[in-house]
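For reference, positions follow the sequence shown, starting with 1. Note: hydrogens, waters and symmetry copies are ignored here, and every other heavy atom, side chains too, is used.
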Amino acid sequence: MSDAIPFLKPRADVLARRDQIVADLTDLLPPECLVHEPRELVPFETDAFVSYRRLPLAVALPRTTAEVSAIMRYCHRYGIPVVPRGAGTSLSGGAIPQEDAVVLGLSKMNRILEIDLPNRAAVVQAGVTNLNISESVSADGFFYAPDPSSQLACTIGGNIGMNSGGAHCLKYGVTTNNLLGIRMVLVDGTVIELGGKALDAAGYDLLGLVCGHEGQLGIVTEATVRLIAKPEGARPVLFGFEASEEAGACVADVIAAGIIPVAIEFMDKPAIEICEAFAHAGYPLDVGALLIVEVEGSEAEMDATLKDIVEIARRHGVKTVRECQSATEAALIWKGRKSAFGATGRIADYICMDGTVPLSQLSHVLKKTAEIIDHYGLRVANVFHAGDGNMHPLILFNANDPEDAARAEAAGNDILKLCVDAGGCLTGEHGVGIEKRDLMRHQYSEADLAQQMAARAAFDPDWLLNPSKVFPLEGRPAA
């Protein structure tokens, strides 16, 4: 499996100059900010897409925008590829390096620079963790809305690179909806600023282009993000159904009725059992599918919204409706959901897909997903952001069995094609990386891809930034 997805061939001239490159980087950074011994490089050889790995040439860990600029200026001058890295939580292989590349990690850039409550904004370095932003303003009654399951570890720079989402993004939007401005270092070391604290910036929406760029347009070193006031109250409720198709149809009808809860999360029976065994959250074990629906507002608002949702759920044969009775119970409900990936990893290796489908197609895609998994003789646990159709089937396999691993990868590709054919797309928040790179032609025409690659090349004509990712290796313009 480790050779199934190819990488670009390392540049021989760069490999031949390795010792000189390390020596030059030593002049640009203090010793604690440069990793180059082979044994010390191992932790950087992969990210959360652990099926693939490459040992980088070196790892630079700058502390300031100026140091990032100096590194980029040097690498650009000598044609050295650069792979940006946040916390390494990418599930699509977005931070996996290659042998001729310098990994530019932002973990040391972890300071919150400014909290501006009058303007409801925070300015942070790119290495600040997602959760740390919310924790820094919680006492003042604010939070940062995007909340990926890895928010304890993932960083805002990586979130911007992948346009990350999370459970509560149904109401509040993903990263791009909560990003006001950035400071970014271009491939040649030039530092630019896009956006700011104002809600709208003049000129082209380059900030919208950069959010989701997967580290191919520049290195984001600072971000200005939107802060949101905490709601008056929030209440998660468990809805249990006999089958996944019934739960999927209920989600579609809730949204079609104009009801937008703060979150609608889905688990099928395997996912329910896995998460309950880990978190002891009180999930019902006698159902085939579970929805976690969270509403917020005043007590009267929550009661009214839940009444409407329960009425819709009853039309779809809901078996269980369980409202949480305390803050502790609510925390456990979300602990179970946000621990899903880690809990699944305790029982098997898995690949996590990230296709997104129209809600009207949710039941159909769930049914076809089961058929695909059965065809390959595998198992799957479905847990995902149902409210916006962002599916995360966890395909279970044995990583020590190459044939089993190959079947899992093939099944994942078929599921992603199914999502596209149903009117959806390849990725909702995890990015393309290497995982979906060779499926891009299933989503886009050659003209579409050419236009996207032209926009990329306008920022990085020589394709030095994260070069093996996102676009199929064949058909790229000559650097």
Side-chain angles (χ1 to χ4, degrees), residues 1-15 45-47 49-57 75-76 79-84 90-103 161-163 187 209-210 212-218 351 353-356 402 405-421 424-428 430-479:
M1 183 175 177
S2 62
D3 295 324
I5 299 177
F7 285 70
L8 290 168
K9 184 179 180 181
R11 304 183 185 209
D13 61 319
V14 173
L15 295 177
E45 68 179 357
T46 190
D47 54 22
F49 191 50
V50 295
S51 300
Y52 295 84
R53 57 194 68 228
R54 295 288 189 278
L55 210 63
L57 186 149
C75 289
H76 180 257
I80 304 164
V82 174
V83 175
S90 168
L91 289 163
S92 65
I96 297 176
Q98 52 196 59
E99 297 86 345
D100 61 345
V102 171
V103 167
M162 298 301 184
N163 193 18
V187 68
L209 176 64
V210 169
H213 69 124
E214 301 200 29
Q216 295 198 314
L217 304 184
I351 298 177
M353 296 293 103
D354 180 40
T356 298
R407 283 196 298 272
E409 197 163 280
N413 288 343
D414 285 353
I415 290 171
L416 290 174
K417 291 177 182 178
L418 168 66
C419 291
V420 172
D421 294 343
C425 60
L426 294 172
T427 175
H430 295 175
V432 175
I434 62 167
E435 178 199 31
K436 309 175 189 75
R437 186 192 69 200
D438 296 324
L439 292 173
M440 288 284 276
R441 285 196 171 92
H442 193 81
Q443 171 99 47
Y444 299 106
S445 70
E446 291 299 322
D448 292 334
L449 284 174
Q451 189 61 49
Q452 292 181 54
M453 287 190 285
R456 184 213 189 283
F459 284 80
D460 178 18
D462 297 324
W463 288 64
L464 293 176
L465 281 167
N466 224 5
S468 285
K469 316 295 170 55
V470 181
F471 298 104
L473 302 186
E474 299 78 18
R476 293 183 176 191

Practice task
In plain terms, say whether Lys417 and Asp421 are close enough for a salt bridge, that is, a side-chain N and a carboxylate O under 4.0 Å apart.
Solution key: no
Problem - Glu214/Lys469 salt bridge by N-O under 4.0 Å criterion - result: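 Here Lys469 does not pair with Glu214 in a salt bridge, since their nearest N and O are not under 4.0 Å apart.
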Problem - Approximate separation, where rounding is to 0.5 Å, of Leu426 CG and His442 NE2 - result: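 Rounded to the nearest 0.5 Å, the CG-NE2 separation comes out at 8.0 Å.
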Exercise for the section: Mind checking the CZ-CG spacing from Phe459 to Leu209? Nearest 0.5 Å is all I need. Expected result: 5.0 Å
Problem - Asp100 vs Ile80, side chain to side chain contact (heavy atoms under 4.5 Å, CB included): CA-CA, chis, key distance, verdict - result: CA-CA 7 Å; Asp100 61 345; Ile80 304 164; over 6 Å; no
Handout entry: Stacked cation flag Arg476 on Phe471, 6.0 angstrom / 45 deg
Key =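 Cation-pi check for Arg476 and Phe471: fails.
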Hey, is the main chain of [Y] close enough, under 3.5 Å, to the side chain of [X] for a donor-acceptor pair?
{"X": "Asp462", "Y": "Leu464", "result": "no"}
{"X": "Asp354", "Y": "Thr427", "result": "no"}
{"X": "Asp460", "Y": "Leu465", "result": "yes"}

Please give me the minimum heavy-atom distance between [X] and [Y], naming the atom from each residue.
{"X": "Gln98", "Y": "Ser468", "answer": "OE1-OG, 2.9 Å"}
{"X": "Gly79", "Y": "Arg11", "answer": "O-NH1, 3.6 Å"}
{"X": "Trp463", "Y": "Ala457", "answer": "NE1-CB, 4.0 Å"}

